[in-house]
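A note on names: the letters A, B, ... follow the listed sequences, proteins ahead of strands, and every chain is numbered from 1. Remember, predicted model here, so these are calculated numbers, not experimental data.
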There are 2 protein chains.
Amino acid sequence: MSAPVPGFARNTQLSTRIAAHLLAQIEADGLTTGARLPTEAQLARDFGVSRAVIREAIAQLRNEGLVETRQGAGAFVADMAARPIRLDAPQDMDSRAFQQLFQLRAPLEVEAAALAAHHRSAADIVRIKAALARFDQPEESADSSVAADLEFHRALAQATGNPYFVQFLTAISDRIAHVILAARAETPLDALHAQTRREHAAICAAIVAGDARAARAAMRAHLAGGAQRVGLQLDMSD
Amino acid sequence: MSAPVPGFARNTQLSTRIAAHLLAQIEADGLTTGARLPTEAQLARDFGVSRAVIREAIAQLRNEGLVETRQGAGAFVADMAARPIRLDAPQDMDSRAFQQLFQLRAPLEVEAAALAAHHRSAADIVRIKAALARFDQPEESADSSVAADLEFHRALAQATGNPYFVQFLTAISDRIAHVILAARAETPLDALHAQTRREHAAICAAIVAGDARAARAAMRAHLAGGAQRVGLQLDMSD
DNA sequence: TCGCGTTAATTTGTCTGATAACCTGACATA
DNA sequence: TATGTCAGGTTATCAGACAAATTAACGCGA
């Protein structure tokens, strides 16, 4: 039922190991939502370390959303359903990892375009068109060009009315943009810029028209074009 | 360029406030990857708190993947591209949030099915069939039935060969399953169980056959059926 | 001059003990 | 019953110290 919680592997800190140990102990004891953990002093005795280390370990579990602490009361197992979802990026972002990240992003962008075509509000359309307009200034740095690109996709995600799409697509686009900027900091982007603008305009038109099917197709074309632009081959079947 | 980092709002701990302050200061100073933060002693003086609080604040940033610390060397701004992606679940998982979570999951499951049909290995097929076989025991608790369901979807995600799909779909399915189990702990699931098994079998067959289009369709049918089973209406266009 | 151990200063990691802030349950009282 | 008070326990924060690791300067020999 419970998935392994990432984030405890790379670090070999004492507090990190104890956090992992503590988590295993919680699961082994079958502690569920609301169950109380032993006191810090007790845990310090059990593990044979100082209370400071125990506090750091519990703080890690708290940051993962696995436990909650209340001053004067204790530490309690948090509601697992409300635990934040975490996606670990690789330590070395090679081309393979980059392609896999793009592969994860693609279907979400396509679906977001379709949802946006269905649920867009007047305010959404204003935001999307504003983001599109930022592309019309022809001469800009690569940095601001990418920023405008991100803003367009963010506005689109917002138009889905689903905050998860906003959070996730924003985060994943941000990582991808970072990689692109780091890789090719000094590449002429003029023609690419214009092409990107055309693709964005097509997506925007489909969303304004409320045509989900066209929005999907336009987004697929945009992603395929973007992948090609950064030297990536992507199978966008269906 | 940089997205706001979630997770600092609800908690009013001193160390949490200082972590947020510290992060704002990093961004304001334009510190990029590899830049070194002031020493703990210095920060303790600056903020007028003890070193323990500073350590907890830095530990939070470290857990968010924003900084890295090396004993003897100092604390450094981490590579933003490698920062883990985090998706905050809502504090109260109402039906609306549940529907939105399902809406996020659906296109990823569909894409995963298509990717699995393309990239499945012999070992993948074995795992998927094994997960399918676990469904054949008719009499089980609702808990074990959901567990078998999760295992099937996990095996499918694994067959994509993309670890991001595994991580994300596992996590999101886990949350959804928790909600389902909590909501209807005591509901007869016999007919539903059989129906789920049929849908899984259809997906499995399409993947084994290497037919991505059929896998997509079968997964869409499965998700639509699952949504209906938990009393959710889902527009699965395209 | 260049390479290479050695050393000293700096910094994070851990330990110890203490105090403040807070929560919980028992108890007394009206 | 309802309420206020109190005592004990727990987490949050503070202060100081030592251990462990890194870094850079230094001296020395080739």
Please state how far atom CD in A:Glu56 lies from atom C1' in D:dT11, giving the value in whole angstrom units.
15 Å
Starting from the C-alpha separation in whole Å, work towards a yes-or-no answer on side-chain contact (heavy atoms from CB on, under 4.5 Å) for B:Leu169 and B:His153.
CA-CA 8 Å; B:Leu169 284 180; B:His153 284 276; over 6 Å; no
Given atom CD of A:Gln71 and atom C1' of C:dC23, what is their separation to the nearest angstrom?
9 Å
Rounded to whole Å, how long is the line connecting atom CZ of A:Arg62 with atom C1' of D:dT10?
14 Å
Residues forming a side-chain contact (heavy atoms from CB on, under 4.5 Å) with B:Thr33, sequence neighbours excluded:
B:Asp79
Euclidean distance, atom CD1 of residue A:Ile58 to atom C1' of D:dT11 [Å, nearest integer]
9 Å
Starting at the 5' end of DNA chain C and moving along, which residue's nearest nucleotide shows up first, A:Ala52 or A:Phe76?
A:Ala52
Side-chain N,O (B:Thr69) to OP1/OP2 (C:dG13) below 4.0 Å:
yes
When you measure from the side chain of A:Val49, which nucleotide among C:dC15, C:dG13, D:dA12 comes out closest?
C:dC15
To the nearest angstrom, the CD-C1' distance between A:Glu40 and C:dG17 comes to 15 Å
Once you round it to whole Å, what is the distance between P of C:dC15 and CZ of B:Arg55?
11 Å
Does any non-hydrogen side-chain atom of A:Thr160 lie less than 4.5 Å from one of A:His119?
no
Starting at atom CD of B:Gln13, determine the distance to atom P of D:dC14, rounded to an integer number of angstrom.
12 Å
Any side-chain N or O of A:Arg51 under 4.0 Å from OP1/OP2 of C:dG17?
no
Side chains of B:Gln25 and B:Asp29: any donor to acceptor distance under 3.5 Å?
no
Rounded to the Å, how far apart are B:Arg70 CZ and C:dT12 P?
11 Å
